[in-house]
Amino acid sequence: MRCLAIVAVAVLASAAGGCAGDGGATESAPDLGTIGIAMPTKDSARWIADGDNMVKQFRALGYRTDMQYADNDVQKQISQLNSMISAGDRALVIGSVDGSALKGPLQAAHDKNIPVIAYDRLIRDSANVDYYASFDNFKVGVLQATAIVAKAGLKKGGRTCRAELFAGSADDNNARFFFDGAMSVLKPYLTGGTLVVPSGQTKFAQVTTKQWDGKVAAARMARLLAGADRSVTLDTVLSPYDGISRGIIETLRQHGYGSGGKRLPVVTGQDAELDSVKLINKGVQAETIYKDTRELAKVAVQMTDRELSGETPEINDSKTYDNGVKVVPAFLLQPVSVDRSNLERVLIDGGYYKQSDLG
Ligand code: GAL
């Protein structure tokens with residue numbers, strides 16, 4: 001652990017020219033310096049929520065924030081990190097675009113004694129990652145596949161179900177964890193023959209979706225359907241993330257699923273994005289995995305603040321996340337599977353969305 005002595009400069013944000021929206025510290029708290037928050041993209045609602053939650057929480061403690069979105073562009077994220085480092089940001093919280101591409105800026109951060117927290121996505125191939133804030137990513141996949149088993153009615157020795165499989169972006173460490181978790185549940189059905197993948201594409205490398213892009217997934221779904229025997233209908237599609245799920249569902253609908261007695265397959269998801277939650281509420285998407293971004297932000301803020309205060313950040317996992325150079329100490333939250341039956345209790349009663357958001 002880095003033991004940085006903190007001089008809490010008691011300068012009020014207002015006195016330093018800070019005001020709402022510029023990432024300045026709140027009026028009642030001291031100014032503890034600036035935290036660089038590097039987020040991957042605004043394409044997906046969740047990363048916007050993650051970023052906003054962190055800004056709010058850091059400011060409440062007296063930090064300023066310098067938050068940058070990289071538009072899924074690796075080089076852009078690298079230059080954003082470099083500018084945070086040269087601007088003297090005290091710590092970096094990074095949701096990486098490509099988990100293996102940040103060695104350079106991380107070395108520069110290390111040389112300036114700037115701690116680095118990997119946010120939701122593990123940063124690989126670097127010793128200069130201090131902590132990892134995420135969810136139990138293997139369990140995410142287990143929950144998605146468990147929903148498939150229950151909702152598509154998979155049974156050993158039962159009728160044959162047909163599935164196509166999708167995974168996330170290969171440059172994101174999480175994608176492999178989600179897929180492996182799902183396959184740990186689906187494997188016995190695949191080997192036992194009650195689950196069949198018509199395309200034969202069951203390997204991670206065959207089913208990844210570049211940059212988690214729903215359009216890329218929609219195009220692959222269209223290719224799979226075009227190549228399939230028309231008399232064969234799909235019972236389920238493993239989808240790792242809501243944006244991908246919506247792309248898949250759109251293609252399925254264009255191919256006649258969801259009308260004329262041809263039921264939509266059971267399609268999974270992740271992130272409880274509002275557009276998907278609405279589809280779940282209407283019985284279109286079967287489920288999603290809810291990961292409370294307010295809680296994840298809390299974990300990352302706690303890790304950063306403790307590290308900067310010379311205290312020991314709280315972790316609950318010190319063995320799972322080997323980044324190729326070291327095992328990164330992590331705090332993993334628990335994901336929750338949400339379908340139509342528990343949507344209201346979990347998401348509305350839990351304050352994540354309002355009833356009126358559902359439309
Ligand atoms: C992953 C993340 C998922 C999902 C996906 C696409 O890294 O764990 O929850 O957000 O990226 O953004």
Side-chain angles (χ1 to χ4, degrees), residues 2 4 6-44 46-99 101-102 104-121 123 126 128-133 293-294 296-309 313:
R2 227 169 297 251
L4 280 184
I6 276 212
V7 184
V9 189
V11 178
L12 293 183
S14 52
C19 60
D22 74 346
T26 53
E27 288 202 9
S28 54
D31 184 348
L32 298 177
T34 301
I35 309 298
I37 304 174
M39 291 282 109
T41 175
K42 279 192 171 174
D43 281 355
S44 143
R46 69 144 298 179
W47 296 111
I48 298 174
D50 287 275
D52 291 348
N53 289 330
M54 273 192 280
V55 167
K56 233 183 270 162
Q57 294 178 26
F58 273 125
R59 291 189 64 189
L61 291 177
Y63 294 96
R64 291 166 179 278
T65 52
D66 171 10
M67 182 157 69
Q68 313 269 353
Y69 282 83
D71 303 326
N72 270 334
D73 178 334
V74 183
Q75 289 312 319
K76 190 165 185 173
Q77 185 161 64
I78 290 173
S79 61
Q80 289 173 338
L81 288 169
N82 286 332
S83 72
M84 289 171 183
I85 294 164
S86 32
D89 288 0
R90 296 198 58 211
L92 301 175
V93 180
I94 307 172
S96 53
V97 173
D98 176 340
L102 301 181
L106 262 51
Q107 185 59 49
H110 176 77
D111 295 346
K112 287 182 98 177
N113 221 13
I114 299 171
V116 170
I117 313 292
Y119 188 86
D120 201 35
R121 298 175 171 174
I123 301 175
S126 169
N128 304 313
V129 188
D130 295 281
Y131 293 98
Y132 180 37
T293 52
R294 298 167 298 188
L296 186 57
K298 246 186 236 168
V299 171
V301 170
Q302 171 269 127
M303 283 174 162
T304 311
D305 182 48
R306 287 203 186 178
E307 180 71 1
L308 290 177
S309 310

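What you are looking at is a predicted structure, and each value in this text was computed from that prediction instead of being measured.
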Answer yes when D50 and R46 have at least one side-chain N-carboxylate O distance shorter than 4.0 Å, and no when they do not.
yes

L102 and L81: which non-hydrogen atoms are nearest, and at how many Å?
CD2-CD1, 3.9 Å

Give the minimum heavy-atom separation between G95 and Q77, together with the two atoms involved.
O-NE2, 3.1 Å

A300 and F58: which non-hydrogen atoms are nearest, and at how many Å?
O-CZ, 4.5 Å

Look up atom CD1 in I114 and atom CG in D130, then write down how far apart they are to the nearest 0.5 Å.
11.0 Å

Looking at every heavy atom in both M303 and P313, which two are closest together, and how far apart are they?
O-CG, 3.6 Å

Under the side chain to side chain donor-acceptor pair (under 3.5 Å) test, which residues partner Q57, sequence neighbours left out?
none

Working to the nearest 0.5 angstrom, can you tell me the gap between Y132 OH and I94 CD1?
13.0 Å

Can you tell me if Q80 uses its side chain to pair, donor with acceptor, with the backbone of Y69 under 3.5 Å?
yes

Are the side chain of S126 and the backbone of N128 linked by a donor-acceptor contact shorter than 3.5 Å?
yes

Apply side-chain contact (heavy atoms from CB on, under 4.5 Å) to the pair W47 and D120, showing each step before the final yes or no.
CA-CA 10 Å; W47 296 111; D120 201 35; 3.9 Å; yes

Residue from D305, T34, T304 passing side-chain hydrogen bond (donor to acceptor under 3.5 Å, both in side chains) with Y63:
D305

Restricting to side chain to side chain contact (heavy atoms under 4.5 Å, CB included), what partner residues turn up for D71, sequence neighbours left out?
K76

